Number of protein chains: 2
Amino acid sequence: MLTIYSQFNSLKHLSKDDIIRISNCKTSKIIKKGEHIFEEGDYLNGVYCIKDGVCKVSKMSENGKNQIINLVKRGDLLGERSLISEEVSNLNAIALKDMEVCFIPKEEIFRDLEKNASFTMDVLKNMAFSLKNSDNLIVDMAQKSVKQRLAETIIKLQTKFGVNDSGAINLQLSREDIGNIIGTATESCIRLLSEFKKCRYIDFQGKNIIITNKNDLEKIAKGF
Amino acid sequence: MLTIYSQFNSLKHLSKDDIIRISNCKTSKIIKKGEHIFEEGDYLNGVYCIKDGVCKVSKMSENGKNQIINLVKRGDLLGERSLISEEVSNLNAIALKDMEVCFIPKEEIFRDLEKNASFTMDVLKNMAFSLKNSDNLIVDMAQKSVKQRLAETIIKLQTKFGVNDSGAINLQLSREDIGNIIGTATESCIRLLSEFKKCRYIDFQGKNIIITNKNDLEKIAKGF
DNA sequence: CGATTGCTTGACCCCCATCAATCCTCGTGG
DNA sequence: CCACGAGGATTGATGGGGGTCAAGCAATCG
């Protein structure tokens, strides 16, 4: 459901000097859980490189409902898209855990884009990859039931964030957030989660989710 | 709703020589209405440049339902995404009118991408633009009602394809296709269209749609 | 001129949004 | 240390949107 895989990890194709230059950027920032990195309408004068933590990337619909488009974690870049299209951001980025982010000014990025063909190609490939994921997400949103989407989302969350010692998905999400990922009301989301628990597909550790029957969960995601 | 605007018109930044070289490509093909240009799983050894006609780009969901992701017309490129990520296509492209397409082999595109920085940057910008549209579409699909999506789609179709002499949207779409664009059953789509007609927001010329009250249609699209 | 395909309308019912009430949990201050 | 308040989680009740099946109608085509 979510574009789970690490996007925008384009830095790996930069030369060693480039990486050092970028790592030494002066403006490394701490963002606390719940604070936003940027908001819809902000002009991003660069991109953010996530050194640690996780944030949700979301957008308000015209109906006033919130939709989470992506979850971004350590090693990902943030704001690349708006920078390239040279527009204000159309998305909000809010920390789900305390974060450490490093700001890379526009000029440095564009310098790389101009001089470093393999960096550009890599950005291009990541963008192509994101685009494919977005297209898949459109299809899922349009055609799948809430139950299917929830099952798929749980699986993808585990794939992306892994599990802790108890086997629970290694990311703290409120029920509301989960609802905003799959595009449904919080209550519907809760009801389905408790149904999944009754059927022993999942279990809880506090609010966190433990997948106990991945097979059946996958079947549900595919519509059985 | 749809990503209506011309994407992938990256050719404009190519040098004159490049354009001539590309225009002289030998493999120009005629595709008849209803035929497909490529299918899910096809390996695209290049991109298609649409010289004339319109095609729908769609994807089957795991439920077996069809979702139209985009409509592509004269001047657009097709298959750029799969080429860049060097994967088989995840989409189907089927002609809605008779088409003339020109095939540009992979090697030529990659030659341009390597040598022509402004071409690459332009591809990048188009990709960023597509990505933004896809994100918006995700939000719409997740949060808006079918009625809202239909209203929005009608407006965008008119913006993209213009109107003919009678003021009807200049593109022949079956009810099923419209349903597949907004992600709903054909019957629901028909019912809403006839409701819109009763309310005098739209009218029909044969099967084609004429917008008679764009204002109210826009209000509906925004949720009033 | 049958026959196939697409359009339209009706009936039915389930999924899910919404509103409301209660419970739980955790941080804060007395 | 406890009381209390606020925000999140949960459960119930309810109604409407829209999916689905079915039947009739229009139109296009060999």
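Chain letters run A, B, ... following the sequence lines, proteins first, then strands; residues in each count from 1. These numbers were taken from a predicted model, which means no experiment stands behind them.
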(request) Assess the side chains of B:Asn63 and A:Gln148: does a donor N or O sit below 3.5 Å from an acceptor N or O? (result)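 Per modelled atom types, B:Asn63 and A:Gln148 side chains form a pair under 3.5 Å.
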(request) Output yes when a side-chain donor or acceptor of B:Arg74 lies under 3.5 Å from a complementary backbone atom of B:Lys51, and no otherwise. (result) yes
(request) Please answer whether the main-chain N or O of B:Glu39 pairs with a side-chain N or O of B:Asp42 as donor and acceptor at a distance below 3.5 Å. (result) yes
(request) Would you sketch DNA chain D in dot-bracket for me? Only Watson-Crick or G-U wobble pairs with both distances under 3.5 Å count, crossing pairs as [ ], other-strand pairs as |, the rest as dots. (result) ||||||||||||||||||||||||||||||
In whole angstrom, give the distance that lies between atom [atom1] of [X] and atom [atom2] of [N].
X	N	atom1	atom2	value
A:Ile190	D:dA13	CD1	P	17 Å
A:Leu193	D:dT10	CG	P	8 Å
A:Leu150	C:dC15	CG	C1'	14 Å
B:Asn208	C:dC7	CG	P	11 Å
A:Phe204	C:dT25	CZ	P	14 Å
B:Glu195	D:dG16	CD	C1'	13 Å
A:Gln172	D:dG7	CD	C1'	14 Å
A:Leu96	D:dG8	CG	C1'	16 Å

(message) With a 4.5 Å cut-off on side-chain heavy atoms, are A:Leu96 and A:Lys33 touching?
(response)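 No, side chains not in contact.
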(message) Between the side chains of B:Glu62 and A:Lys144, is the shortest nitrogen-to-carboxylate-oxygen separation below 4.0 Å, so that they form an ion pair?
(response)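 Here A:Lys144 pairs with B:Glu62 in a salt bridge, since their nearest N and O are under 4.0 Å apart.
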Side-chain donor-acceptor distances from residues 190-204 of chain B under 3.5 Å, at least two apart:
{"from": "B:Ser194", "atom 1": "OG", "to": "B:Arg191", "atom 2": "O", "distance (Å)": "3.1"}
{"from": "B:Glu195", "atom 1": "OE2", "to": "B:Lys147", "atom 2": "NZ", "distance (Å)": "3.0"}

Which donor-acceptor pairs under 3.5 Å do the side chains of residues 161-185 of chain B make with protein atoms, sequence neighbours left out?
{"from": "B:Asn164", "atom 1": "OD1", "to": "B:Ser166", "atom 2": "N", "distance (Å)": "2.9"}
{"from": "B:Asn164", "atom 1": "OD1", "to": "B:Gly167", "atom 2": "N", "distance (Å)": "3.2"}
{"from": "B:Asn164", "atom 1": "OD1", "to": "B:Ala168", "atom 2": "N", "distance (Å)": "3.0"}
{"from": "B:Ser166", "atom 1": "OG", "to": "B:Gln205", "atom 2": "NE2", "distance (Å)": "2.5"}
{"from": "B:Ser174", "atom 1": "OG", "to": "B:Glu176", "atom 2": "N", "distance (Å)": "3.4"}
{"from": "B:Ser174", "atom 1": "OG", "to": "B:Asp177", "atom 2": "N", "distance (Å)": "3.0"}
{"from": "B:Ser174", "atom 1": "OG", "to": "B:Asp177", "atom 2": "OD2", "distance (Å)": "3.3"}
{"from": "B:Arg175", "atom 1": "NH1", "to": "B:Lys207", "atom 2": "O", "distance (Å)": "3.0"}
{"from": "B:Asp177", "atom 1": "OD1", "to": "B:Lys56", "atom 2": "NZ", "distance (Å)": "2.8"}

(request) Using the test side chain to side chain contact (heavy atoms under 4.5 Å, CB included), find all partners of B:Lys106 that sit at least two apart in sequence or belong to another chain. (result) B:Tyr43, B:Asn45, B:Leu83, B:Glu86, B:Phe110
Name the atoms and distances for all side-chain donor-acceptor pairs under 3.5 Å in residues 87-95 of chain A, with sequence neighbours left out.
{"from": "A:Glu87", "atom 1": "OE1", "to": "B:Lys132", "atom 2": "NZ", "distance (Å)": "3.0"}
{"from": "A:Glu87", "atom 1": "OE2", "to": "B:Lys132", "atom 2": "NZ", "distance (Å)": "3.4"}
{"from": "A:Ser89", "atom 1": "OG", "to": "A:Leu91", "atom 2": "N", "distance (Å)": "3.0"}
{"from": "A:Ser89", "atom 1": "OG", "to": "A:Leu91", "atom 2": "O", "distance (Å)": "3.0"}
{"from": "A:Asn90", "atom 1": "OD1", "to": "A:Arg81", "atom 2": "NH2", "distance (Å)": "2.6"}
{"from": "A:Asn92", "atom 1": "OD1", "to": "A:Glu40", "atom 2": "N", "distance (Å)": "2.8"}
{"from": "A:Asn92", "atom 1": "ND2", "to": "A:Glu40", "atom 2": "OE1", "distance (Å)": "3.3"}

(request) Indicate for each nucleotide in nucleotides 17-30 of chain D, in 5' to 3' sequence, whether protein heavy atoms under 4.0 Å reach the base (B), only the sugar-phosphate (S), or nothing (-). (result) -SBBB---------
